[in-house]
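Heads up, the thing below is written out as structure tokens.
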Amino acid sequence: MRKIEGRSLGQIAWMRLKRDKVAIVGFVVIVLLILMAILAPLIVKAIGHPPNEFNQDLIDTQGGTLAPLGRFGGMSWDHPFGVEPVNGRDLMSRVIYGSRISLLIAFFATLLSVTIGTVMGIVSGFFGGWVDALISRLMDVFLAFPLLVFAIALAGVIPDDAFGLQGDSLRIVLLIFIIGFFNWPYIGRIVRGQTISLREREFVDAARSLGARRPYILFTELLPNLVAPILVYSTLLIPTNILFEAALSFLGVGVRAPTATWGGMLSDAVTFYTMPHFMLWPGLAIFITVLAFNLFGDGLRDALDPRSR
Amino acid sequence: MPDTVITYIIRRLVAAIGLLVIVSAVTFSIFYLVPRWAGATPETLATRYVGRAATEDTVKLTAERLGLYDPIAVQYWNWAKGVVVGAEYDYGAGVERCPAPCLGYSFITKQPVWPELLDRIPVTLSLAAGASVLWLALGVAIGVLSALRRGSIFDRAAMTVALAGVSLPIFFTGLISLAFFSYQLGWTVPGGTFVKITDNPIKWAQALTLPWITLAFLFSAQYARLTRAGMLETMNEDFIRTARAKGLPERTVVVQHGLRGALTPIVTIFGLDVGLLLGGAVLTEKTFSLPGLGKYAVDGIVANDLPKILGVTLVAAVFIVLANLIVDLLYAVVDPRVRAK
């Protein structure tokens with residue numbers, strides 16, 4: 001006879017998640033993408049074409065269009081994704097390097113939003129009263145901001161040398177702050193709502209009647225119950241932030257050229273929309289990454305909260 | 001209309017105006033403070049307005065005339081006053097009038113911002129109006145059908161496409177559709193061919209068809225997912241069973257009871273989305289080269305023309321606040337519980 005075991009909520013969720021094939025596929029793709037981003041220098045070394053190497057010999061300079069020579073945008077064993085028009089940079093290594101910027105910014109921006117949102121949400125929901133009123137109004141103000149217009153404006157007014165940083169590192173830090181800072185009210189509202197409903201539950205009353213102090217109740221009683229929604233929301237915020245970063249790069253206020261970014265590559269492709277291969281690879285890269293995170297996030301939500309199915 | 005509704009409306013209106021004042025103050029101070037944190041001085045800011053060949057004295061004089069040495073509160077007050085009564089700018093080359101509502105004055109193009117914004121609002125309005133009707137109809141219809149035939153091939157196919165739809169950036173689908181429909185098939189003329197609806201409605205619709213469809217594809221995917229989730233929840237409620245038990249036709253049960261319950265969150269998000277879109281469909285307008293508010297903001301960034309960006313930000317905030325207000329008021333009319341709060 002099999003022994004009957006008690007299972008924690010986490011174990012039950014994990015079992016459900018394991019059965020969800022689509023979510024697992026999403027997860028595997030995410031892991032592969034992260035590996036690709038970390039190992040980008042090694043992979044590109046193996047391909048043999050650095051992302052900013054010009055290959056003028058592969059460009060049709062006679063016809064006047066400056067299109068790559070050969071079919072399908074100059075696809076070959078040497079350049080599996082083909083090359084850029086005009087200067088012939090290798091598209092594959094640029095797409096691989098682009099993943100670094102996308103994932104780095106999306107992860108840290110999400111971390112920032114989730115941290116601010118969780119703290120604000122818990123404080124607002126738990127203390128109530130004027131604290132809640134103040135934080136809720138603050139969230140209203142943030143939500144009334146035309147986010148994208150504002151982000152491009154902010155990313156646009158910062159000079160190239162500021163806060164003791166410059167070049168790519170400045171732009172990356174800047175984008176993390178802009179994207180992360182304006183997204184916190186969404187998670188803040190969710191956490192606030194959850195905290196308010198948890199606050200009135202019996203186990204909190206019990207802790208309070210046993211003489212538990214506020215910090216204890218906040219961190220030991222409330223926070224563990226908030227992990228599930230926070231986790232789900234974070235996973236679903238990452239793809240949003242990837243799209244946001246790509247949008248900013250597309251509009252020319254992201255990480256500056258010649259550093260390869262997916263949005264920047266698409267923006268270059270606008271002028272060459274007669275050569276679809278050029279827009280296809282960075283577009284597919286964004287699509288696959290965002291889709292993988294969405295699939296995994298949906299699966300995670302279903303596993304942690306079966307009612308939402 | 002009962003008194004409670006009127007008090008509620010007045011209270012919401014006051015709150016909305018207060019919100020706008022705060023948003024504009026925050027926007028203003030961020031654009032005032034951030035460049036200074038990043039190392040800009042009144043002189044470097046003034047050099048933008050006087051051309052490259054200016055002497056140091058001219059730059060200082062200009063900075064002084066533009067009030068760039070003033071503390072932030074004074075500058076904001078002057079700007080806010082301009083919105084109400086208009087403003088005059090004197091930067092050496094003669095006095096420039098900026099009539100009310102003076103949302104800003106571009107020292108680079110030497111034009112007040114508001115009339116330029118007025119020119120662009122119809123473009124963004126046309127874009128948002130057409131696309132939102134399309135995506136609301138499409139998204140809700142697909143969502144309802146999916147929920148009713150949950151697990152069927154239609155449901156799975158629709159939800160797969162919808163998931164793909166929310167994972168695609170609009171500038172990518174836009175570029176692909178431009179490459180395909182405009183370049184390969186030659187159905188529409190690419191880029192910047194906006195015609196006013198009052199001039200020629202057919203050409204107006206023709207120029208906007210591709211942006212509408214691209215935008216609607218993205219949004220209807222999201223709405224189909226939301227509607228489906230909402231319908232699945234409400235169709236399990238007791239009042240649906242009651243409605244069925246009363247012998248109502250299934251059609252009435254689905255549309256008048258089920259959909260009505262599922263529609264509340266959709267209305268909220270629809271209001272927010274339309275408000276956001278009216279504030280400048282930046283990416284769509286850039287992709288299809290439509291001369292709307294969003295394109296204006298992007299052009300402002302490229303030219304480093306802050307007053308333009310400030311103007312668009314404010315107009316966009318007005319649209320968002322207005323959209324929220326309308327949604328709240330609709331709730332108050334529909335749902336009496338809201339008013340009591």
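Chain letters run A, B, ... following the sequence lines, proteins first and then strands; every chain starts at 1. Computed from a predicted structure; not experimentally measured. Side chains included, hydrogens not; waters and symmetry mates left out as well; all remaining heavy atoms used.
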By number, which residues in residues 163-172 of chain B have some heavy atom less than 4.5 Å away from chain A? B/Leu163, B/Ala164, B/Val166, B/Ser167, B/Leu168, B/Pro169, B/Phe171, B/Phe172
Answer yes or no: is there a side-chain heavy-atom contact under 4.5 Å between B/Leu178 and A/Met279? no
Quick check on the interface: out of A/Val290, A/Ile288, A/Thr289, who has the most heavy-atom pairs with chain B under 4.5 Å? A/Val290
Heavy atoms only, distances under 4.5 angstrom: which of B/Asn324, B/Val321, B/Ile176 has the most pairs with chain A? Name it, please. B/Ile176
Not counting sequence neighbours, list each pair that qualifies as a side chain to side chain donor-acceptor pair (under 3.5 Å) and has a residue in residues 173-182 of chain A. none
OG1 of B/Thr173 to CZ of A/Phe287: how many Å apart, nearest 0.5 Å? 10.5 Å
Please look at B/Leu310 and chain A and tell me whether the side chain, the backbone, both or neither of the residue comes under 4.5 angstrom of a heavy atom of that chain. neither
Are there more than 12 heavy atoms of other residues, nucleotides or ligands under 6.0 Å from atom CZ of A/Phe181? no
Selection from A/Leu280, A/Val253, A/Thr240 maximising heavy-atom pairs under 4.5 Å formed with chain B: A/Leu280
Tell me, for B/Ile22 versus chain A, whether the close heavy atoms (under 4.5 Å) come from the side chain, the backbone, both or neither. side chain
Go through the atoms of A/Ile242 and report whether side chain, backbone, both or neither lie under 4.5 Å from a heavy atom of chain B. neither
More than 12 heavy atoms of other residues, nucleotides or ligands under 6.0 Å from CZ of A/Phe27: yes or no? no
Which bit of A/Val22 is near chain B, if near means a heavy-atom gap under 4.5 Å: side chain, backbone, both or neither? neither
